[in-house]
Amino acid sequence: MNKKQKLMLKRIIIASLLLIALQFVPITGVLQLICFLAIYGIIGYDILWKSWKGIRNKQVFDENFLMAVATIGVFALAIYEQSGDYNEAIAVMLFYQIGELFQSYAVGKSRRNITALMDIRPDYANIEVDGQLTKVDPYDVAVGDIIVVQPGEKVPLDGIVLDGKASLDTSALTGESVPRNVVVGDEITSGCININGVLKIRTTKEFDDSTVAKILELVENATSRKSKSENFISKFARIYTPFVCYSALALAILPPLVNQFIWQVGANWEIWVYRALTFLVISCPCALVLSVPLSFFAGIGGASKKGILVKGSNYLEALSKIKYVVFDKTGTLTHGVFQVSAVHHNTLAQEKLLEYAALAECASSHPISLSLQRAHKGEINRNRVTDIQEISGHGIVAKVDGKYVAVGNDKLMAQLHVAYKKCHSTGTIIHIAINNDYAGHIVISDVIKPQSKEAIQDLKKAGIKKTVMLTGDRDSVAQEVAHELAIDEVHSQLLPADKVIQVENLLTAKEKDSNLAFVGDGINDAPVLTRADIGIAMGAMGSDAAIEAADVVLMDDNPRNIAKAINIAKKCMSIVYENIIFAISIKALCLLLGAVGIANMWFAIFADVGVMILAVLNAIRALNVKNC
Ligand code: ADP
Ligand code: MG
């Protein structure tokens with residue numbers, strides 16, 4: 001509990017004790033009234049103050065106003081009737097405050113839950129100077145600096161291991177509980193916790209561009225993007241509260257007037273004013289107004305426990321309606337780590353061919369390019385390469401040792417009018433031309449991620465109508481992967497722009513009120529990520545552009561998390577609807593009972609606080625995503 005909540009708790013306890021004590025003190029008249037008013041002040045001063053502020057700011061109708069009018073009204077009635085029964089007004093205020101305290105505690109708790117998950121912000125980085133470690137602010141570490149991470153410490157910045165080996169706990173980032181082992185040369189992301197070894201790391205990014213900073217930014221901004229349901233609720237409250245107030249006014253005035261002048265049976269003002277006040281208490285919309293955003297908040301928190309970052313509640317709502325999932329192949333369903341399976345060379349030696357390819361590819365971050373660089377065993381001297389041009393969906397042209405080198409697929413060769421040899425090996429074929437003469441090709445093949453097949457099955461189970469794979473790769477490779485994974489539809493040899501066209505076709509053909517998701521790693525597919533109803537990016541492997549463009553980021557690149565994200569979203573949405581329906585129907589029932597005089601004010605406050613507590617407890621359920 002924070003300070004404010006503790007103060008509230010004290011006020012509640014003191015007011016309750018005084019109220020009980022006062023029942024046994026034999027005082028009457030003005031003195032009694034003063035004592036009750038004092039207790040009323042203790043428990044309700046902030047509500048009175050807030051409703052007064054609301055009136056002054058011309059934003060009269062809120063729940064503070066409802067409570068203030070109702071309780072003051074009950075006091076006034078008791079004075080008018082000279083009944084001396086002031087308990088009711090105080091009890092209403094007391095229960096209302098208990099409800100408020102409970103909800104602020106619940107909100108605080110789920111907020112803390114999320115920030116605890118996100119407790120990945122590193123406080124410092126260790127820099128080694130003359131054999132001594134000094135702690136510095138991670139902001140002050142430049143790219144290329146060498147930092148030391150000791151056992152138990154968080155990795156503060158993204159980098160590459162220079163020395164040492166260790167197991168890393170990545171669970172805060174990916175939800176994956178199995179530690180990841182890293183050795184010299186491995187890339188590591190900030191936010192992981194070093195379990196056992198001492199690591200020397202050369203940083204590759206500044207703190208602001210590091211994984212940690214990006215994730216924190218995402219999570220911090222997530223709750224500010226409102227979903228349709230949330231907007232609906234705030235609009236609803238804006239219309240509903242004044243409506244209720246005027247209805248209460250009507251209930252207080254009209255029936256007595258009708259009684260008086262039409263039926264001529266006496267006005268009975270007290271009864272109708274009391275009913276109107278009860279009506280006000282019942283109608284307080286807090287359960288709704290509070291529980292809906294809280295459910296979304298908990299849903300986003302639950303998803304992030306699994307390494308699924310949802311950038312806003314609107315995307316949670318969109319996720320729950322996904323019926324079509326379109327995949328990119330390389331890096332999404334496959335590892336994107338190609339092995340060279342054959343080199344068919346013309347005039348040059350095999351090593352030379354690989355060397356040219358690796359040099360030309362030296363600046364690209366395409367999975368193919370990284371694989372070719374890895375396949376070339378020797379050192380890559382970037383000074384030998386100039387005029388690099390990457391043609392997406394085709395390949396690369398560059399000047400290596402002053403020669404024009406082209407590395408890419410059939411399309412690239414056709415574009416350059418190079419007479420290339422067709423190759424019938426299975427795999428992706430990378431042709432190489434030097435000074436527009438065909439020099440041979442490299443056959444590379446990718447491996448399907450072990451979880452991809454289950455990922456497609458999971459999606460079917462989650463009610464997905466159609467899965468589609470789009471790829472720039474050869475048709476034979478595409479068909480093989482699609483067949484292996486049981487994907488419904490496949491389109492191959494697409495340029496990035498063709499992928500957009502394919503997605504647009506699917507978007508026009510889809511069912512009404514269903515959503516299409518595109519899942520990619522962002523290399524050559526950032527445009528489709530934005531074009532789809534919802535873009536899902538692979539976070540660990542994916543490019544920065546993809547993570548920017550996407551609405552949902554899967555931190556551990558596991559395609560099975562797509563179905564999980566959909567299930568979490570569905571659960572969250574059903575909780576939201578449950579709460580809306582539950583709260584509205586209980587309210588409607590109570591209002592009816594109140595209007596005909598069956599429900600009194602005690603009943604009203606119990607109904608209100610009860611509905612709110614149940615709705616909040618239900619909302620918190622969205623945090624639990626174990627079985628999604
Ligand atoms: P995918 O849709 O499978 O992710 P891309 O659109 O990234 O594929 O690339 C499509 C094809 O273009 C690749 O299969 C490859 O033939 C060629 N290509 C793209 N980039 C490169 C590159 N850097 N080097 C060589 N070939 C490339
Ligand atoms: Mg790709």
Side-chain angles (χ1 to χ4, degrees), residues 222-223 225-237 239 288 291-293 295-300 302-303 308-328 455-470 487-489 491 499-520 527-537 549-554 559 561-585 618-619 621-622 625 628:
T223 36
R225 293 197 211 205
K226 293 246 187 309
S227 69
K228 268 193 221 142
S229 320
E230 275 176 286
N231 286 333
F232 164 75
I233 291 301
S234 47
K235 262 190 222 139
F236 174 80
I239 303 166
L288 266 187
S291 75
V292 170
S295 310
F296 280 114
F297 201 72
I300 291 177
I308 302 164
L309 296 183
V310 181
K311 288 194 188 168
S313 3
N314 50 338
Y315 302 124
L316 215 51
E317 198 165 11
L319 268 173
S320 70
K321 290 192 193 143
I322 292 180
K323 284 275 177 297
Y324 306 85
V325 180
V326 182
F327 292 93
D328 174 47
I456 304 290
Q457 289 165 356
D458 290 350
L459 285 174
K460 288 284 172 202
K461 266 185 231 144
I464 297 304
K465 287 233 160 66
K466 196 186 212 175
T467 52
V468 181
M469 186 175 88
L470 304 180
I487 287 178
D488 300 329
E489 192 178 314
H491 300 274
K499 291 187 185 172
V500 176
I501 294 172
Q502 289 291 345
V503 164
E504 271 169 356
N505 290 342
L506 288 164
L507 281 172
T508 41
K510 72 176 184 176
E511 263 171 40
K512 235 180 81 193
D513 208 33
S514 65
N515 279 343
L516 177 144
F518 182 85
V519 193
V528 236
L529 274 173
T530 18
R531 188 63 193 81
D533 293 321
I534 186 151
I536 304 178
D551 308 315
V552 176
V553 181
L554 306 180
N561 273 347
I562 304 164
K564 204 164 268 169
I566 294 176
N567 290 335
I568 291 173
K570 279 188 180 158
K571 177 174 175 182
C572 183
M573 289 314 294
S574 65
I575 289 176
V576 167
Y577 289 127
E578 272 162 32
N579 276 348
I580 291 180
I581 292 169
F582 172 64
I584 290 187
S585 46
N618 195 26
R621 237 165 28 90
V625 294
C628 285

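When a residue number appears, it is its place in the shown sequence, counting from 1.
In this structure, A619 and A298 approach most closely via the heavy-atom pair O-CB, 3.6 Å. Smallest separation of non-hydrogen atoms from I322 and A517: CD1-CB, 3.6 Å. For the residue pair G312 and I300, the shortest heavy atom distance occurs at C-CD1, 3.9 Å. Summarising the geometry of A550 relative to K311, their closest heavy-atom pair is O-NZ, 2.7 Å, with the distance given to 0.1 Å. When all heavy atoms are compared, the tightest approach of G302 to V625 is O-CG2, 3.3 Å. Across all non-hydrogen atoms, the minimal contact from A563 to D458 is CB-CB, 3.4 Å.
Of the possible donor and acceptor atoms, one in the side chain of T467 sits under 3.5 Å from a partner among the backbone N and O of D488. Not one N or O on the side chain of K571 forms a donor-acceptor pair closer than 3.5 Å with the backbone of A622. With D533 contributing its side chain and L516 its backbone, the two residues share a donor-acceptor pair below 3.5 Å. Within the 3.5 Å criterion, the main-chain N or O of A318 finds a donor-acceptor partner in the side chain of N515. Judged purely by atom type and a 3.5 angstrom limit, K570 has no side-chain atom pairing as donor or acceptor with the backbone of S574. Between the side chain of Y324 and the backbone N or O of F518, no donor-acceptor pair lies under 3.5 Å.
Checked for salt-bridge contact, E504 and K499 miss the test: no charged N lies under 4.0 Å from a carboxylate O.
The side chain to side chain contact (heavy atoms under 4.5 Å, CB included) test applied to K228 returns E317, K321, not counting sequence neighbours. Here K564 pairs with nothing under the salt bridge (charged side-chain N to carboxylate O under 4.0 Å, His left out) rule; sequence neighbours left out.
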Inset, instruction - Would you check, one step at a time, whether the test salt bridge (Lys or Arg N to Asp or Glu O under 4.0 Å) holds for E578 with R621? - result: CA-CA 12 Å; E578 272 162 32; R621 237 165 28 90; 3.2 Å; yes
Inset, instruction - Please lay out, stage by stage, how I464 and I566 fare under the test side chain to side chain contact (heavy atoms under 4.5 Å, CB included). - result: CA-CA 10 Å; I464 297 304; I566 294 176; 3.9 Å; yes
Legend entry - Pair K323-E511, salt bridge (Lys or Arg N to Asp or Glu O under 4.0 Å): steps then yes or no: CA-CA 8 Å; K323 284 275 177 297; E511 263 171 40; over 6 Å; no
Inset, instruction - Determine, step by step, whether F327 and V468 satisfy the side chain to side chain contact (heavy atoms under 4.5 Å, CB included) criterion, reporting the C-alpha distance in whole Å, the side-chain angles of both residues, the deciding distance to 0.1 Å, and the verdict. - result: CA-CA 6 Å; F327 292 93; V468 181; over 6 Å; no
Inset, instruction - List the steps, then state whether side chain to side chain contact (heavy atoms under 4.5 Å, CB included) holds for V519 with D328. - result: CA-CA 6 Å; V519 193; D328 174 47; over 6 Å; no
Legend entry - Verdict with reasoning, L459 to I562, per side chain to side chain contact (heavy atoms under 4.5 Å, CB included): CA-CA 8 Å; L459 285 174; I562 304 164; 3.9 Å; yes
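Atom CD1 of residue I501 and atom CG of residue L506 lie 12.5 Å apart, to the nearest 0.5 angstrom. Between atom OG of residue S313 and atom OH of residue Y315 there is a gap of 10.0 Å, rounded to the nearest 0.5 Å. Interatomic distance, S320 OG to Y577 OH, rounded to the nearest 0.5 Å: 7.0 Å.
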